[in-house]
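Only heavy atoms go into these numbers, but all of them, side chains included; no hydrogens, no water, no symmetry mates.
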Amino acid sequence: MIVNFFAFKLIVIIALSSFNEVQTLNILGVFPLPAKSHFFVFAPYLKELANRGHNVTVISFYPQKDPIPNYHDINLSDNSQPPQISHPVTKSLFVIFLSLTLLQALAGPFTCRMLLEDENVQNLWATQTKFDLVVVEQFNSDCGLALAHILGAPVIGITSHTLMPWHYSRFGVPYNPSYVTFDFFEGGPHPTFLQRILRTIIYNHVNFVFYHVTHRLEQNIIGEFFNDVPPLIELAKDIKLVLVYQNFMLSGSTIMPSNIIEVGGYHVAKVKPLPDELRKFIEDSEHGVIYISFGTLLKASTIRPDTLQEIINALEELPQRVIWKWNKQSLPGNPKNIYLAKWLPQNDILAHPKVLAFYSHCGLLGTTEAIYHGVPIVGMPIYGDQPTNAAAIEESGLGVQLHYVLLTKDYLLEKFKTVLDPK
Ligand SMILES: *[C@@H]1O[C@H](CO)[C@@H](O)[C@H](O)[C@H]1NC(C)=O
Ligand SMILES: *[C@@H]1O[C@H](CO)[C@@H](O)[C@H](O)[C@H]1NC(C)=O
């Protein structure tokens, strides 16, 4: 009995002392897509991993300007020039169809090659660096999975948007066009009959392109660097966990396996004080402020001149001041009461109580920030996940949406009237 008790104490002491040692991981992040708005979502996650003591190495086009402890960059722009991805403001179905196809068939394999040709990336497998975990963006390329396979590490997937149509089957998520939203096309969780038909056609098209064109091209590129990498589709099925940047409040409730985790909303940062000039502009306004931004990928200055004039005319009739993220020096006619800048602290602006409405393209980040701060949205979606977000915003009463092709001064004023209504 006494011996048993002694043995028990010994086991407890050994167990406790082994808990003392905190295990941190060696983590690799693979983000070869040159799209800043995607990386905006991943950066807070990667920084937090480093902050918690993990050793994080990040392959991307967006290295940190100031060094962060435990955070190491592999700067892809050292060896390759990222293509400038920006999208003209147009809503033609043909353009969407084409750009979606090219995004998979061309841009996917292109980023694959940039990734594997990078000297510092090659160095990782040449020196057989040991990683405990590889975090790979799930978008238009699966090359990162091959890299993780070569490095012999398990994979966590992460997205900066809702699941892409070609992700459903590999993660075992049922796709049903009657309630699962589909980025790139209109309609939220309650689509019309026509939207369901369109979803079904495009779902099959993009799945075909991704698995028969993108994967084949990428597998060939991978073959130039390594022997014996299993088919990417098999590697994809072996992803342990996926963090999906969506929230059922916007994208509707769907059936998901327990390793697909919705993380939408975590990127919203603590509010910082506004620069003096901007703060004064907002606080001196008698009737509040409307904030306008069409994001980083959309070139706002490619808006048709007559449409732009309609927008300006509408803004001039409103008593509110306007802050507009605009990538040119000026607007036609130099309207007053409009504050223009190429870059703006969006989250801090939206947090200001005098900011009454957000005129937006409905990108996921801005939309999430506006919802967080309770600012109603006038959505003018163009492409990507924007139409889906806009539909969801309207369905849930968080704002209204308008159709870019129909835009006139009165139409826009009517939408602003709805969201500026104090109710
Ligand atoms: C952390 O990562 C860097 C860059 O990949 C590497 O040079 C370093 O050896 C790693 N540190 C540890 C303790 O594994
Ligand atoms: C990344 O590489 C580009 C191109 O060589 C360079 O201009 C940039 O300063 C680098 N960024 C960092 C943080 O080292």
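- Both the sub-6.0 Å distance and the 45° axial angle are satisfied by R321 relative to the ring of F281.
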Applying side-chain contact (heavy atoms from CB on, under 4.5 Å), run through N140 and T214 and close with a yes or a no. CA-CA 8 Å; N140 64 341; T214 312; over 6 Å; no
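- Residue K325 comes nearest to S293 through the heavy atom pair CD-OG, 3.6 Å, listed as atom of the first residue, atom of the second, then distance.
- Residues F171 and N259 form no side-chain contact, since every pair of their non-hydrogen atoms from C-beta on lies 4.5 Å or further apart.
- The closest side-chain donor-acceptor pair between E137 and H38 falls under 3.5 angstrom.
- V244 is not listed as a side-chain neighbour of V263, based on a closest heavy-atom distance of 4.5 Å or more.
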V229 vs L235, test: side-chain contact (heavy atoms from CB on, under 4.5 Å). Steps then yes/no. CA-CA 9 Å; V229 171; L235 295 180; 4.0 Å; yes
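- For the pair R170 and D142, the salt-bridge criterion is met [side-chain N within less than 4.0 Å of a carboxylate O].
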Verify ring-ring contact (aromatic ring centres under 6.0 Å, His included) between F97 and H205, making sure each step is shown before the conclusion. CA-CA 9 Å; F97 194 76; H205 169 73; 4.5 Å; yes
Run M114 and F61 through side-chain contact (heavy atoms from CB on, under 4.5 Å) and show every step you take. CA-CA 11 Å; M114 281 193 304; F61 283 100; 3.6 Å; yes
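- Heavy-atom neighbours of L194 CG from other residues, nucleotides or ligands within 6.0 Å: at or below the threshold of 12.
- With hydrogens and angles disregarded, no donor-acceptor distance shorter than 3.5 Å links the side chain of Q401 to the backbone of E394.
- To the nearest 0.5 Å, atom OG1 of residue T57 and atom CZ of residue F131 are 4.5 Å apart.
- Using a 4.5 Å heavy-atom threshold, the side chains of Y211 and V206 count as separate.
- Shown here is F248, whose CZ atom has no more than 12 heavy atoms of other residues, nucleotides or ligands within 6.0 Å.
- In this structure, CG in L124 is found 4.0 Å from CD1 in I74, a value given to the nearest 0.5 Å.
- In this structure, T159 contributes its side chain and H161 its backbone to a donor-acceptor pair below 3.5 Å.
- Inter-residue side-chain proximity for L356 and V375 is flagged as unmet; no heavy-atom pair is nearer than 4.5 Å.
- When atom types are taken as modelled, the side chain of D73 and the backbone of Q64 share a donor-acceptor pair closer than 3.5 angstrom.
- Smallest separation of non-hydrogen atoms from A370 and F358: CB-CD2, 3.6 Å.
- Using modelled atom types, no side-chain atom of K342 and backbone atom of W326 make a donor-acceptor pair closer than 3.5 Å.
- Using a distance-only test at 3.5 Å, with no hydrogens or angles considered, a donor-acceptor pair links the side chain of N204 to the main chain of T200.
- At least one side-chain heavy atom of H215 sits less than 4.5 Å from a side-chain heavy atom of I233.
- Here the closest heavy-atom approach between residue A357 and residue V419 is recorded as CB-CG2, 4.0 Å.
- Tested against T307 for a side chain to side chain donor-acceptor pair (under 3.5 Å), the candidates R304, Q309, E310 yield a single pass: R304.
- A side chain to side chain donor-acceptor pair (under 3.5 Å) with S141 is found for one member of E218, R113, Q104 and no other, namely E218.
- With rounding to the nearest 0.5 angstrom, the CG atom of N123 is 7.0 Å from the OG1 atom of T129.
- A donor-acceptor pair under 3.5 Å is absent between the side-chain atoms of N51 and the main chain of K47, judged by distance alone.
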side-chain contact (heavy atoms from CB on, under 4.5 Å) for S396 and M249? Distances and angles first, verdict last. CA-CA 8 Å; S396 55; M249 274 195 356; over 6 Å; no
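- Between I255 and P174, the shortest heavy-atom contact is O-CD, 3.5 Å.
- The closest side-chain donor-acceptor pair between D132 and N26, if any, does not fall under 3.5 angstrom.
- Not one N or O on the side chain of H403 forms a donor-acceptor pair closer than 3.5 Å with the backbone of V405.
- There is a side-chain donor-acceptor pair under 3.5 Å between S77 and N75.
- Remark: D238 engages K240 in a salt bridge, criterion side-chain N to carboxylate O under 4.0 Å.
- Using a 4.5 Å cut-off on side-chain heavy atoms (C-beta onward), I393 and C362 make contact.
- For the pair D348 (side chain) and L274 (backbone), a donor-acceptor distance under 3.5 Å is absent.
- Atoms OH and CZ, from Y179 and R199 in turn, are 11.5 Å apart once rounded to the nearest 0.5 Å.
- In this structure, NE2 in H167 is found 8.5 Å from CZ in F139, a value given to the nearest 0.5 Å.
- Of the possible polar contacts, one joining the Q195 side chain to the T192 backbone as a donor-acceptor pair under 3.5 Å is found.
- Within the 4.5 Å cutoff, no side-chain heavy atoms of S60 are placed close to those of L76.
- Taking CD1 of I27 as the reference point, atom NE2 of H72 lies at 11.0 Å (rounded to 0.5 Å).
- Contact between T368 and G265 at its shortest, heavy atoms only, is CG2-CA, 3.7 Å.
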Give the C-alpha distance, both sets of side-chain angles, the deciding distance and a yes or no for ring-ring contact (aromatic ring centres under 6.0 Å, His included) between Y359 and Y291. CA-CA 6 Å; Y359 182 20; Y291 172 60; over 10 Å; no
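- No side-chain donor-acceptor contact under 3.5 Å links Y175 to the backbone of W166.
- Ring-centre distance between Y245 and H267: below the 6.0 Å cut-off.
- Shortest non-hydrogen contact noted between Y45 and I158 is CD2-CD1, 3.6 Å.
- Taking the side chain as every heavy atom from C-beta outward, V289 and V322 never approach each other to under 4.5 Å.
- In summary, E317 and K409 engage in a salt bridge, as defined by a charged side-chain N under 4.0 Å from a carboxylate O.
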